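Predicted, not measured: the structure shown is a model, and the values here were computed from it.
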Amino acid sequence: MDLLTAPVCRASLRGPPSFRHAGTSPVETNEDAGHAICRYQTIHADHEGGNVSAHTTHLVGSALSDPYLSYAAGMTGLAGPLHGLANQEVLRWLNEVRKQVGDDVTKDQMREFVWATLKSGKVVPGFGHAVLRKTDPRYTCQRVFAQKHMPEYPLFKLTSLLYDVVPDILTQTGKVKNPWPNVDAHSGVLLQYYGMKEETFYTVLFGVSRALGVLSQGVWSRALGLPIERPKSLTMDSIVARVAAQED
């Protein structure tokens, strides 16, 4: 499915009353918020089975644990800062950047700030991906939506500026396999715009979305009678032998 033209959930177009943004009517804001939330739920459902929450759910389910327990196990992994909490980490970093450089920062000023961040031993949250080697299509999906509905929103303008500046800098370091932004670099910005300020709740939204993917996978696992997962164990001697064989 093309994420840029993904169908929206019509039932949710009239978003909850808390979805308000200055300068727009409640009806318009709620309709846009409904589109935003549906996109969020769609792109976070499950992008591949190898991530922590999806794989954990599958692993526990392979022991024929019931779906609730399998899903609960997956959610404990989603609660980690390297997984489900990543969008919160990005958002906090963006707000810290705004405090230090302001909203009217130029590209040159941002380049200096990013270089200073890297040289201090810190990372730029929201950039890079363990699997992808290009801009995350889920990031692009959110970016296209933001360009249409919130082009002047300060957090979005900052996110766009980082998109223009950071990849080139990370490429110059020669240490990053994928210098492009991932989904977490953008998702918190949309939620903030529509009034969802409670950052700790973002992982709940992620978890609800992830249920769509991991539990449907669980149904197929049972239907196909897939076996229990048993990761291989290797002795140190066998590891040394494999390394030696590759060196030869």
Side-chain angles (χ1 to χ4, degrees), residues 1-47 53 75 78-79 81 83-99 101-105 125-127 135-164 181-213:
M1 177 170 57
D2 184 355
L3 293 180
L4 300 183
T5 58
V8 298
C9 309
R10 297 297 175 187
S12 68
L13 290 183
R14 309 287 277 194
S18 59
F19 282 168
R20 298 286 187 269
H21 186 69
T24 59
S25 71
V27 173
E28 291 172 340
T29 301
N30 280 341
E31 184 169 329
D32 291 346
H35 283 276
I37 291 298
C38 281
R39 281 172 180 256
Y40 184 97
Q41 297 296 86
T42 300
I43 64 179
H44 285 85
D46 180 24
H47 58 92
S53 57
M75 292 306 96
L78 190 70
H83 192 24
L85 296 186
N87 59 354
Q88 299 176 35
E89 298 294 320
V90 170
L91 192 59
R92 290 167 187 158
W93 186 78
L94 288 175
N95 285 323
E96 185 61 30
V97 172
R98 290 184 70 191
K99 289 180 182 178
V101 301
D103 290 332
D104 297 322
V105 60
F127 285 79
T135 300
D136 191 332
R138 297 167 300 165
Y139 175 95
T140 304
C141 174
Q142 295 177 99
R143 176 176 170 79
V144 170
F145 181 88
Q147 286 174 321
K148 178 180 179 181
H149 296 283
M150 57 192 78
E152 298 303 317
Y153 183 45
L155 270 179
F156 172 62
K157 292 173 71 174
L158 178 58
T159 301
S160 291
L161 184 59
L162 289 168
Y163 181 65
D164 292 335
N182 58 54
V183 63
D184 298 313
H186 213 306
S187 57
V189 173
L190 271 63
L191 297 176
Q192 286 282 310
Y193 179 80
Y194 288 112
M196 192 171 291
K197 306 295 184 180
E198 300 80 6
E199 299 169 15
T200 54
F201 190 72
Y202 294 175
T203 308
V204 177
L205 293 178
F206 198 159
V208 171
S209 175
R210 183 50 50 92
L212 301 174

**Item:** Separation between OH of Tyr40 and OG of Ser209, rounded to the nearest 0.5 Å
**Value:** 7.5 Å
**Request:** Identify the two heavy atoms, one from Gly126 and one from Ala185, that lie closest to each other, and give their separation to 0.1 Å.
**Result:** O-CB, 3.3 Å
**Complete:** Taking every heavy atom of Thr203 against every heavy atom of Ala79, the minimum-distance pair comes out as CG2-CA, 4.5 Å
**Request:** Look at the side chain of Tyr202 and the backbone N and O of Met196, then say whether any donor-acceptor pair between them is shorter than 3.5 Å.
**Result:** yes
**Asked** Mind checking whether Val97 and Leu162 have side chains closer than 4.5 Å, heavy atoms only?
**Response** no
**Fill in**
What one should report as the nearest heavy-atom pair of Asn182 and Asp136 is CA-CB, 3.5 Å
**Complete:** Contacts of Glu199 meeting side chain to side chain donor-acceptor pair (under 3.5 Å) (sequence neighbours excluded), chain-then-number -> Arg92
**Min side-chain heavy-atom separation Val144-Thr140 under 4.5 Å** = yes
**Prompt:** More than 12 heavy atoms of other residues, nucleotides or ligands under 6.0 Å from CG of Asp103: is that the case?
**Reply:** yes
**Side-chain heavy-atom pair His186, Pro181 within 4.5 angstrom cut-off** = no
**Message:** Could you tell me if the side chain of Tyr153 sits less than 4.5 Å from the side chain of Gln192, heavy atoms only?
**Reply:** yes
**Minimum heavy-atom distance between Ala146 and Leu190, given as atom pair plus value** = CB-CD1, 4.3 Å
**Item:** For Leu205 against Gln41, the heavy-atom pair lying closest together
**Value:** O-OE1, 3.1 Å
**Prompt:** What pair of heavy atoms forms the shortest contact from Ala86 to Asp184, and how long is it?
**Reply:** CB-OD2, 3.3 Å
**Item:** Residue Lys197 excluded, over 12 heavy atoms near NZ under 6.0 Å
**Value:** yes
**Request:** Taking the side chain as every heavy atom from C-beta outward, state whether Asp32 and Tyr193 have any atom pair closer than 4.5 Å.
**Result:** no
**Asked** Hey, are the side chains of Leu155 and Asn95 touching, using non-hydrogen atoms and a 4.5 Å cut-off?
**Response** yes
**Request:** Please check if the side chain of Ser160 supplies one atom and the backbone of Phe156 the other of a donor-acceptor pair under 3.5 Å.
**Result:** yes
**Message:** Can you confirm whether Val183 sits close enough to Phe206 that some side-chain heavy atom of one is under 4.5 Å from a side-chain heavy atom of the other?
**Reply:** no
**Prompt:** Given the rule in the side chain to side chain contact (heavy atoms under 4.5 Å, CB included) test, do Val208 and His44 qualify, once you have shown the distances and angles that lead to the verdict?
**Reply:** CA-CA 9 Å; Val208 171; His44 285 85; over 6 Å; no
**Asked** How are the rings of His149 and Phe145 set relative to one another: parallel (under 30°), tilted (30 to 60°) or perpendicular (over 60°)?
**Response** tilted
**Student check: side-chain heavy atoms of Leu191 and Ile37 closer than 4.5 Å** = yes
